[in-house]
Amino acid sequence: MAEKRPPVGIESFEKLRTGDFYYVDKTGMIKELLESWGEVNLFTRPRRFGKSLTMSMLKSFFEIGCDASLFDGLAISKENGLCDKNMGQYPVISLTLKQVRGKDYESAREQMWSLISAEAERFDYLQDSDKLNERDKARMMNLSEGIGNLENSLYLMSRLLYKHHGKKVIILIDEYDVPLQKAEANGYYDDMTELISQFFGYGMKTNDYMQFSVVTGCLRIAKESIFTGFNNPKIHTIVDDQYDEWFGFTDEEVREMLDYYGLSKYYGLTKEWYDGYLFGTVHVYCPWDVINWCDKLPRSTDHTPQNFWANTSSNDMVLRFVEMADDTTRAQLEELSEGRSIDRDIQQEMTYADIGKNIDNLWSILFMTGYLTYSCRNDDGTYRLVIPNREIRSLFDRQIKNWFYEKIEGGLEPLFQAFDRNDAADIEKHINECMIDAISFMDGGNTREMRETFYHGLLLGMLRSRRGWNVKSNREAGNGRADIIISDRRRECGYIIEVKYSDSYADMDSDADKGLRQIEDTLYDKYFADSDFTDIYHYGIAFHRKKCRVAVMQ
């Protein structure tokens with residue numbers, strides 16, 4: 001039986017190593033970081049790909065007074081000379097800006113002060129330093145109390161740490177772009193951009209007391225001049241070869257983890273749902289998904305994969321994209337949903353203020369934040385984009401359905417009246433009109449079962465919006481389960497609907513008739529045996545792409 005626990009939600013390297021959690025060894029990054037040294041190093045990766053744990057690992061390795069035993073048995077421990085020279089040799093300032101998400105500028109600024117204050121309190125030992133004068137100690141005390149110049153605080157802390165230790169400082173800034181994202185959403189973007197620009201400028205551009213810095217985020221923000229003027233900043237994005245294997249789990253690492261937990265038989269399912277990303281030249285899985293999957297499987301009888309990554313935060317970016325989609329974009333989404341690729345020009349230097357300006361920017365955002373990945377870069381500089389896996393495909397399905405329902409809400413009364421008349425031609429007409437107006441992402445997968453399920457859910461969502469109807473899905477009836485059963489108490493009648501997916505337009509008539517025969521042969525009418533309904537209507541509805549065919553029988 002496995003002894004080490006899956007590290008669900010663990011972002012502290014020390015806690016992970018001392019708490020007997022399973023660890024996928026990424027310490028080789030330390031060697032690469034030192035050997036290809038840069039003064040400012042920016043790493044952009046999607047959320048939940050290990051950025052915070054990586055920063056915690058760097059802090060645990062470099063900080064004066066570190067526990068060297070945390071690295072016992074790991075790859076970096078074999079680099080004796082490198083460890084002797086660098087392990088535990090630097091004061092480290094470590095900040096994560098992911099909690100700076102105020103509704104207005106003042107609250108966001110206050111949240112940044114709270115982070116600085118908490119970090120300054122870690123260095124209370126400077127109050128006893130014989131290297132600092134009283135003014136220096138007072139300045140440090142002010143930082144811990146949130147008093148002074150916020151823009152200059154990172155620089156001041158660096159200077160005082162250098163003065164005490166006689167060694168330059170390593171600065172680690174995690175999730176640097178979260179404050180900008182929240183500011184754009186809440187209407188104070190320009191103010192936050194100015195604050196972050198000065199905070200970074202003092203702290204990392206004009207800081208003679210800094211050894212080097214590592215910064216992480218989802219987007220490469222360059223146009224705001226946040227990084228302008230830095231001396232040769234090294235920017236490592238998801239398309240760069242360097243550092244490509246240190247964020248995300250490789251196929252070999254996932255196989256080893258599944259084997260450790262006795263879950264090797266789920267390898268194919270794991271790969272289908274959570275693999276598919278290409279970082280540089282390495283194919284990787286989303287770590288958050290794999291860890292949660294390994295945690296869930298041994299403790300549950302439900303072995304159905306879940307949307308772990310997609311459910312960790314708001315996915316309004318996808319809905320925003322869908323709402324802006326034109327006919328061309330809809331056709332491209334349809335291609336992606338069917339497992340094909342599209343070629344797009346990707347803008348890697350992006351500002352959050354640019355996101356909603358045009359659909360091209362949103363393609364770039366979806367790519368950089370993990371909703372899309374690429375299979376290759378074309379000779380003309382464009383990227384061949386694909387949906388990485390089934391988890392993300394199901395997310396697009398759900399968001400597009402939500403958009404679809406909102407778009408047609410209030411316009412369904414003609415459809416309902418057609419059901420009241422049992423007018424198959426009119427029902428067919430109104431369903432088709434709804435799908436014509438909706439996005440062209442209507443096939444919902446790459447197997448017959450997945451597509452049939454998609455249309456089933458689509459129709460179910462429309463029918464459930466009528467007041468007075470009791471709509472049930474996959475309810476036991478007769479000798480099986482009926483797709484959709486509707487009880488109309490007002491008209492004292494019932495509807496039984498069987499949904500089919502057709503491989504071609506030519507098959508739709510016969511498939512709709514198959515639905516009717518299934519209702520008859522499986523005796524679904526028995527569902528209403530105890531009711532006083534006098535009329536029960538049978539519908540076979542076949543879908544292909546953006547068309548349906550409706551057959552009815554009473």
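Residues Gly339 and Arg393 approach most closely at CA-NH2, 3.9 Å, considering heavy atoms.
Asp251 and Tyr267 share a donor-acceptor pair across their side chains, judged by distance under 3.5 Å alone. Neither side chain, Asn389 nor Asp275, offers a donor N or O lying under 3.5 Å from an acceptor on the other. The closest side-chain donor-acceptor pair between Asp244 and Thr281 falls under 3.5 angstrom. Side-chain polar atoms of Thr237 and Asp240 form a donor-acceptor pair below 3.5 angstrom. Between the side chains of Trp293 and Thr270, at least one donor N or O sits under 3.5 Å from an acceptor N or O.
Between Phe212 and Phe62, the ring planes are perpendicular. Angles over 60° get that label, and only those under 30° would be called parallel. Taking the six-membered ring where tryptophan is involved, the planes of Phe13 and Tyr23 are perpendicular, since the angle between them exceeds 60° and thus also 30°. Ring-plane geometry between Phe49 and Phe279 is classed as tilted, the angle between the planes lying from 30 to 60 degrees on a 0 to 90 degree scale. Under the 30°/60° scheme for interplanar angles, the aromatic rings of Tyr383 and Tyr374 are found to stand perpendicular. Between Tyr22 and Tyr260, the angle of the ring planes lies from 30° to 60°, which puts this pair in the tilted group.
Residues passing the side chain to side chain donor-acceptor pair (under 3.5 Å) test with Thr250 are Glu253, sequence neighbours excluded. By the ring-ring contact (aromatic ring centres under 6.0 Å, His included) test, Tyr188 pairs with no residue at all, sequence neighbours left out. For Asp174, the side chain to side chain donor-acceptor pair (under 3.5 Å) partners are Ser52, Thr216, not counting sequence neighbours. Asp67 is linked by a side chain to side chain donor-acceptor pair (under 3.5 Å) to Ser69, counting only residues two or more places apart in sequence or in another chain. By the side chain to side chain donor-acceptor pair (under 3.5 Å) test, Asn207 is found to be paired with Ser158, residues two or more places apart in sequence or in another chain being considered.
For the pair Glu391 and Trp309, the minimum side-chain heavy-atom distance is below 4.5 Å. Proximity of Tyr266 to Pro305: side-chain heavy atoms (C-beta onward) are nowhere separated by under 4.5 Å. Contact annotation: the side chain of Val169 never approaches that of Met210 to less than 4.5 Å [non-hydrogen atoms, C-beta and beyond]. You'll find the side chain of Lys31 reaches within 4.5 Å of the side chain of Glu35, heavy atoms only.
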Quiz item: Does the side chain to side chain contact (heavy atoms under 4.5 Å, CB included) test come out yes or no for Phe123 and Leu161, once each step is laid out?
Solution: CA-CA 8 Å; Phe123 307 120; Leu161 284 168; 3.7 Å; yes
Practice problem: Show the numbers, then the answer: is there a side chain to side chain contact (heavy atoms under 4.5 Å, CB included) between Ile30 and Trp246? | Solution: CA-CA 10 Å; Ile30 298 171; Trp246 304 124; over 6 Å; no
Self-check item: Steps toward salt bridge (Lys or Arg N to Asp or Glu O under 4.0 Å) verdict (Glu11, Lys98)
Solution: CA-CA 13 Å; Glu11 295 182 342; Lys98 67 175 66 176; 3.1 Å; yes
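Residue pairs meeting the side-chain hydrogen bond (donor to acceptor under 3.5 Å, both in side chains) criterion with at least one member in residues 141-153, sequence neighbours excluded, are Arg109-Glu151.
How far CG of Leu74 is from CG of Asp25: 4.5 Å, rounded to the nearest 0.5 Å.
Contact check on Arg101 versus Glu175 returns no salt bridge, with no Lys/Arg side-chain nitrogen under 4.0 Å from an Asp/Glu carboxylate oxygen. Between Arg159 and Asp136 a salt bridge is recorded (basic side-chain N to carboxylate O distance below 4.0 Å).
Atom CD of Glu110 has 12 or fewer heavy atoms from other residues, nucleotides or ligands within 6.0 Å. Summarising the local packing, CD of Glu32 is surrounded by more than 12 heavy atoms from other residues, nucleotides or ligands at distances under 6.0 Å.
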